[in-house]
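Chain letters run A, B, ... following the sequence lines, proteins first and then strands; every chain starts at 1.
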Number of protein chains: 2
Amino acid sequence: MGRGKIAIERIDNATNRQVTFSKRRGGLMKKARELAILCDADLALIVFSSTGRLYDFASSRSVS
Amino acid sequence: MGRGKIAIERIDNATNRQVTFSKRRGGLMKKARELAILCDADLALIVFSSTGRLYDFASSRSVS
DNA sequence: CTCACTATGTATAATCT
DNA sequence: TAGATTATACATAGTGA
């Protein structure tokens, strides 16, 4: 998607890899939230960047 | 996306909700796998359907 | 129900600032 | 370089078998 097509393999360039990580992480979190809401599902997503930082999302269907 | 636009809210029709769950779960898993590979990230995704079934994906960056 | 199709909405790679 | 833009590849809502 985007301007060009890319192969699904590790991005060698560190800067580009970081930019792609940030963009796709956001997109993945959004999709996860949508799935939880649309389909009334419970769901947890945990991501560690290659630099060791943690990002997560968890739905809360029944808990406030 | 798709033929029409939908609001992000619980799908009332049970059959349609199940179909959407199946489609989007697949898409989400694919995106998760791509993020793990492209950005060399470790990641886990756990989903419980509204009927209680479990689906999961976990990357394995260092373990075989 | 489950699978395939496809028109269309969305995510995003490349680019620009 | 981080944030905005934009053209394009991808995901998917509706449909039909």
Please find the earliest and latest nucleotides of DNA chain D, in the 5' to 3' direction, that have an atom within less than 4.0 Å of any heavy atom of chain A.
-> D/dT1 to D/dT12
Members sharing B/V19's hydrophobic cluster, built from side-chain contacts under 4.5 Å between Ile, Leu, Val, Met, Phe, Trp and Tyr, are none
Hydrophobic clusters join Ile, Leu, Val, Met, Phe, Trp and Tyr when side-chain heavy atoms are under 4.5 Å apart, directly or via other members; which others share one with A/L38?
-> A/I37, B/I6, B/I8, B/I11
Does anything in residues 11-21 of chain A reach DNA chain C, meaning a heavy atom under 4.0 Å, and if so which residues?
-> A/T20
Pairwise ring-ring contact (aromatic ring centres under 6.0 Å, His included) hits with a residue in residues 23-43 of chain A, at least two apart | none
Applying side chain to side chain donor-acceptor pair (under 3.5 Å), name anything that partners A/Q18, two or more places apart in sequence or on another chain.
-> none
Transitive ILVMFWY side-chain link B/F57 to A/L45, under 4.5 Å | yes
Value for OG (A/S49) from CG (B/L43), rounded to nearest 0.5 Å, stands at 11.5 Å
Can you name the residues that form a side chain to side chain contact (heavy atoms under 4.5 Å, CB included) with B/D12, not counting sequence neighbours?
-> B/R10
Pair listing, side-chain hydrogen bond (donor to acceptor under 3.5 Å, both in side chains) test, anchored in residues 23-37 of chain A, at least two apart | A/R24-B/E34, A/E34-B/R24
What are the atom names and distances for every N/O pair under 3.5 Å that joins the protein to nucleotides 10-12 of chain C?
from	atom 1	to	atom 2	distance (Å)
C/dA11	OP2	A/K30	NZ	3.2
C/dA11	O3'	B/K31	NZ	3.1
C/dT12	OP1	B/K31	NZ	3.3
C/dT12	O2	A/G2	N	3.3

Go through the structure and list residues passing ring pair (Phe, Tyr, Trp, His ring centres under 6.0 Å) with A/F21, not counting sequence neighbours.
-> A/Y55
Applying salt bridge (charged side-chain N to carboxylate O under 4.0 Å, His left out), name anything that partners A/R3, two or more places apart in sequence or on another chain.
-> none
